[in-house]
Amino acid sequence: MKTILVLGATGGIGGAVTRVMLNRGWQVRAMVRDPTRAASGWGHSVMPHWVQGDAMQRDDVVNAASEAVAILHGVNPPGYRAWETTVLPMMDNTIAAAKSVGGARIVLPGTIYNYNATTTPVIDETTPQNPTIRKGKIRKALERRLADGASDCPSLIVRAGDYFGAGAR
């Protein structure tokens, strides 16, 4: 059975991916700060394996990634604040975890923050990233880290708008 580690399983995208992967027969390890709280609010007939941890703690992410062939990096800073000090270290921890299991594929829900909407109304994989906002500059740096680590761990960026999936808030 294939194993995926989901970081951000209690969020909109992470929760949707967790449900889909469980329904497709994958073993899902969902790293969360409070497994009891996460499990009590899950509301799905099949449960992931809840693992306590913090995406800011490298050892937590590396330990949670045991046996994973894929890692969904669906985390954001608590309260969507402190991007400058949390987003890149969390990605560094995910990359370290992917490498620790022999190169698990990292799946990243991408954003459109990386682009200038006034000059680039339509994007594709060749569109240059010229962010004008702070979060876009951070996301561009985050994606650069994925590209730089591609030889050790493949990645896939699935780009969508700010809201995705049924029940998105």
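Values reported hereafter were calculated over all heavy atoms of this structure, with side chains retained and with hydrogens, waters and symmetry mates removed.
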message = Could you tell me if the side chain of Pro77 sits less than 4.5 Å from the side chain of Val87, heavy atoms only?
response = yes
task = Using the test salt bridge (charged side-chain N to carboxylate O under 4.0 Å, His left out), find all partners of Asp59 that sit at least two apart in sequence or belong to another chain.
result = none
request  = Identify, with sequence neighbours excluded, every residue that meets side-chain contact (heavy atoms from CB on, under 4.5 Å) alongside Arg145.
outcome  = Leu88, Asp92, Ile95
task = Please answer whether the main-chain N or O of Asn130 pairs with a side-chain N or O of Lys140 as donor and acceptor at a distance below 3.5 Å.
result = no
query = Same cluster for Ile106 and Leu7 if Ile/Leu/Val/Met/Phe/Trp/Tyr side chains link at under 4.5 Å?
reply = no
ask   = For the atom pair OG1 (Thr86) and CE (Met56), what is the distance rounded to the nearest 0.5 Å?
value = 6.0 Å
Nearest-0.5 Å distance that lies between atom OH in Tyr113 and atom CD1 in Ile138 = 11.0 Å
task = Answer whether the closest heavy-atom distance between the side chains of Glu125 and Ile157 falls below 4.5 Å.
result = no
Name every donor-acceptor pair, under 3.5 Å, that has one atom in a side chain of residues 24-31 and the other anywhere in the protein, sequence neighbours excluded.
unit_1, atom_1, unit_2, atom_2, d
Gln27, OE1, Thr3, OG1, 3.4
Arg29, NH1, Ala64, O, 2.8

query = What distance do Arg139 atom CZ and Lys135 atom NZ have between them, rounded to the nearest 0.5 Å?
reply = 10.5 Å
Heavy-atom pair with the smallest gap, counting every atom of Asp60 and Asp54 = OD2-N, 3.0 Å
request  = Could you pull out all residues at least two apart from Lys99 that satisfy salt bridge (charged side-chain N to carboxylate O under 4.0 Å, His left out)?
outcome  = Asp152
Thr120 side chain to Val122 backbone, donor-acceptor under 3.5 Å = no
Any residue meeting side-chain contact (heavy atoms from CB on, under 4.5 Å) with Val62, in chain and number order, not counting sequence neighbours = Arg58, Ala96, Ala97, Ser100
ask   = Under a 4.5 Å side-chain heavy-atom rule over Ile, Leu, Val, Met, Phe, Trp and Tyr, are Val46 and Val32 clustered together?
value = yes
query = Which residues satisfy the side-chain contact (heavy atoms from CB on, under 4.5 Å) test with Ala147, sequence neighbours excluded?
reply = Arg144
request  = Mind checking salt bridge (charged side-chain N to carboxylate O under 4.0 Å, His left out) for Glu84 and listing every partner two or more places apart, or none if nothing turns up?
outcome  = Arg134
query = What residues form a side-chain hydrogen bond (donor to acceptor under 3.5 Å, both in side chains) with Thr85, not counting sequence neighbours?
reply = none
inquiry  = List the residues meeting side-chain hydrogen bond (donor to acceptor under 3.5 Å, both in side chains) with Thr118, not counting sequence neighbours, and say none if there are none.
reply    = Asn116
query = So which heavy atom on Ile71 is nearest to which on Ala65, and how close?
reply = CD1-CB, 4.2 Å
key: Distance (rounded to the nearest 0.5 Å) between Met91 CE and Leu146 CG   = 4.0 Å
message = Using side-chain heavy atoms (C-beta onward) and a distance below 4.5 Å, is Glu143 in contact with Arg159?
response = yes
message = What's the separation between atom CZ in Arg105 and atom SG in Cys153, rounded to the nearest 0.5 Å?
response = 10.0 Å
message = Are Ile4 and Val69 packed together at the side-chain level, in the sense that at least one heavy-atom pair is separated by less than 4.5 angstrom?
response = no
request  = Any side-chain hydrogen bond (donor to acceptor under 3.5 Å, both in side chains) involving residues 62-73? Give me the pairs, sequence neighbours left out, ordered by first then second residue.
outcome  = His73-Thr94
query = Is Leu108 reachable from Met90 through a run of hydrophobic residues whose side-chain heavy atoms are each under 4.5 Å from the next?
reply = no
ask   = Just how far is it from atom CG of Asn76 to atom CZ of Arg81, taken to the nearest 0.5 Å?
value = 12.0 Å
note = Applying side-chain contact (heavy atoms from CB on, under 4.5 Å) to Ala117 and not counting sequence neighbours gives none
Tabulate below the donor-acceptor pairs under 3.5 Å that side-chain atoms of residues 14-23 make, not counting sequence neighbours, or state none.
unit_1, atom_1, unit_2, atom_2, d
Thr18, OG1, Gly14, O, 2.7
Arg19, NH1, Gly15, O, 3.1
Arg19, NH2, Trp42, O, 3.0
Asn23, ND2, Arg19, O, 3.3

Side-chain heavy-atom pair Asn114, Ile123 within 4.5 angstrom cut-off = no
